[in-house]
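Just so it is clear: chains get the letters A, B, ... in the order the sequence lines come, proteins before strands, and each one is counted from 1.
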There are 2 protein chains.
Amino acid sequence: MGAAWLAHGQAGRRQGATEVSPAHAQVIPLYRQDNSHPQARVCAQCEVRRSALFGALDAAGLDQIHSHIASLTLAPGDTVYQRGELGAAVYTVRSGVVRFERVTERGDRRIVRLAGQGDLIGQESVLQRVHGDDAVACTEVELCRIPCHLLSDMSAREPALLHELMSRWQNALDAAETWVTDLTTGPARRRVLRLLLKLCDYTSAQGEIWLPSRDEMGAMLDMSVETASRLISALRREGVLQTPGLRTVRVARDGLVRVLAAEDV
Amino acid sequence: MGAAWLAHGQAGRRQGATEVSPAHAQVIPLYRQDNSHPQARVCAQCEVRRSALFGALDAAGLDQIHSHIASLTLAPGDTVYQRGELGAAVYTVRSGVVRFERVTERGDRRIVRLAGQGDLIGQESVLQRVHGDDAVACTEVELCRIPCHLLSDMSAREPALLHELMSRWQNALDAAETWVTDLTTGPARRRVLRLLLKLCDYTSAQGEIWLPSRDEMGAMLDMSVETASRLISALRREGVLQTPGLRTVRVARDGLVRVLAAEDV
DNA sequence: CGAGCCGTTGAGGGGATTCAAGCTCAGTGG
DNA sequence: CCACTGAGCTTGAATCCCCTCAACGGCTCG
């Protein structure tokens, strides 16, 4: 009863946050090569492949697609796409953090979600819909660009790909709803702590995580720049935090959890 | 180039909020009937069909499914499903408002999204995933229950159904992100006004809309019950609002827009 | 009729914003 | 080389918004 491809469950990612992937893969500027095998080899070795969109494909499947997939690197502040644009591709995040932001009718921007390693972004392009928000690189970001027509072609033969695609949609939906409960609820201090906790899972270079600018924190947590600064400073004074660089934080994950639990007085 | 079913764009719903559907369809307790045609007739006449999941199906397709689809009616407060459950069906909202809520680790609940007429809920069941939040009826709610195995069966033959399904996922994602920008941003008064504006689009009985309990408003907008009460009372005193019943509001949509615009002093 | 739930309103306190002034640091040109 | 500049971070002071605590009224229900 029923097509098999719709069955076979898969748990949501980044739940336990224990799936620590090492550092960066070998970065080769590959773009579109005539000799197709090098790219296929890169894909096969890619450490995010098992968690990425094409993780379901076998070696034969990979051979067909590698020549169409482009790898690109973005600097902090670069935009992947903008709200209102009609995209022709989706992207897999290979490393780094991407933010999704919208502009309220009053003119101030609001960050509504983050994407990290293994996440698929811009899926609305598959449906020929315009992007609903701006996608901007927070850190240095490595992406794989997958043309939509490639997805259409492959999904006809590989039903598992559609399952995977829908699974990504559910991941994004879950992330957006978790955003509401975690980062828009309660007093400012608790929101900051929860944000740091979440960032631990996104940029897990083991202790050294990416720290957003105070302005970004304000846009994520709906607070003023000054409040964000004050709270980070307070956490630093309390010893929960160290800031070696201006954009990096040393923090112990379970330390955060402990401080967060102590908030319930 | 590419399978045709992935193309053919479709705009997001409830954007202009001008698609005013009349009142309720004829409500017939139908559940599963041996004579299959009556249900098919009901489906064909259903006013939400064009916007619903099976809107893409023709009459022949409807004939195959009607006997598996159950219609159910929920009272305010009834739960459709609960977080952690593994559902075996998805639901189309025929009328009424459904809320999605989660419980923060501190124990207080938070409403993260609403669903209304034409929306599909519980789609994570298609992926064999457990529900991520509780789905609870806010008003009286009429649902169509669609078993997952039915979706699996049909989607193999009707590729348009998969497109429609993914489209629903994108709708939900967009709704969740809009929730962040509209209802979790800015001072309490503005959040209340935006909520009322949103409710105009969900229960558009032309002027008479559903008013949540103060407790629900608190869970939606992250504010105390008292603040919600105060703000509603203030709007009533200002003449923006009338509350004929305790759970209904008379309000002019453009009046709300005007007041909202006047907030930017 | 009392109990309980929900909505309303008041008083007080605390947390976040706003306005403001220094601060560090990188880039620039004298 | 170093003052100048501007952007981003920090900190202070005053204001105000919102929460908490509290009391009260209307309503339903046992």
Rounded to whole Å, how long is the line connecting atom CG of A:Asp108 with atom P of C:dT17? 12 Å

Using a cut-off of 4.0 Å on non-hydrogen atoms, how would the nucleic acid contact of B:Arg191 be classed: base, sugar-phosphate, or nothing? nothing

Rounded to whole angstrom units, what separation is found between the CG atom of B:Leu211 and the C1' atom of C:dG7? 11 Å

Distance check needed: C:dT17 C1' versus A:Arg214 CZ, whole Å only. 18 Å

5′-ward residue of the pair B:Ala228/A:Arg189 relative to DNA chain C: B:Ala228

From the set C:dT8, C:dT18, C:dA16, return the single nucleotide nearest to any side-chain atom of A:Ser224. C:dT18

Whether A:Glu177 and B:Arg83 form a salt bridge (side-chain N of Lys/Arg under 4.0 Å from carboxylate O of Asp/Glu) is what I want to check. no

What is the distance from CG of A:Leu221 to P of C:dG15, rounded to the nearest Å? 18 Å

Return the orientation label for the A:Tyr81 and A:Phe100 ring planes: parallel under 30°, perpendicular over 60°, tilted otherwise. tilted

For the side chain of A:Arg230, counting heavy atoms from C-beta on, which of D:dT11, D:dC19, D:dT10 is nearest? D:dT11

Closer than 4.0 Å, any side-chain N/O of B:Ser229 to the OP1 or OP2 of C:dT8? yes

Whole angstrom is fine here: how far is it from CZ in B:Arg247 over to C1' in C:dC5? 11 Å

Would you say B:Thr227 reaches D:dC19's phosphate, i.e. side-chain N/O to OP1/OP2 under 4.0 Å? yes

Counting only side-chain N and O atoms of A:Arg237, is one of them less than 4.0 Å from OP1 or OP2 of D:dT11? yes

Less than 3.5 Å between a donor and an acceptor, one on the side chain of B:Glu226 and one on the base of D:dC18, is that the case here? no

So CD1 of A:Ile111 and CZ of A:Arg99: to nearest 0.5 Å the spacing works out to 5.0 Å

Can you tell if the side chain of A:Leu196 reaches within under 4.5 Å of the side chain of A:Leu241, non-hydrogen atoms only? yes

Report the nucleotide, chosen from D:dC18, C:dG7, D:dC9, that has the shortest atom-to-atom distance to any side-chain atom of A:Leu246. D:dC9

Side-chain touch A:Glu263/B:Arg106, heavy atoms, less than 4.5 angstrom: no

Between D:dT10 atom C1' and A:Leu235 atom CG, what is the distance in whole Å? 15 Å

In whole Å, what is the span from the CE atom of B:Met223 to the C1' atom of C:dT8? 16 Å

Taking CG from A:Leu231 and P from D:dC9, how many angstroms apart are they, rounded to a whole number? 14 Å

Give the nucleotide from the list D:dT10, C:dC6, C:dT9 with an atom nearest to the side chain of A:Ser233. D:dT10

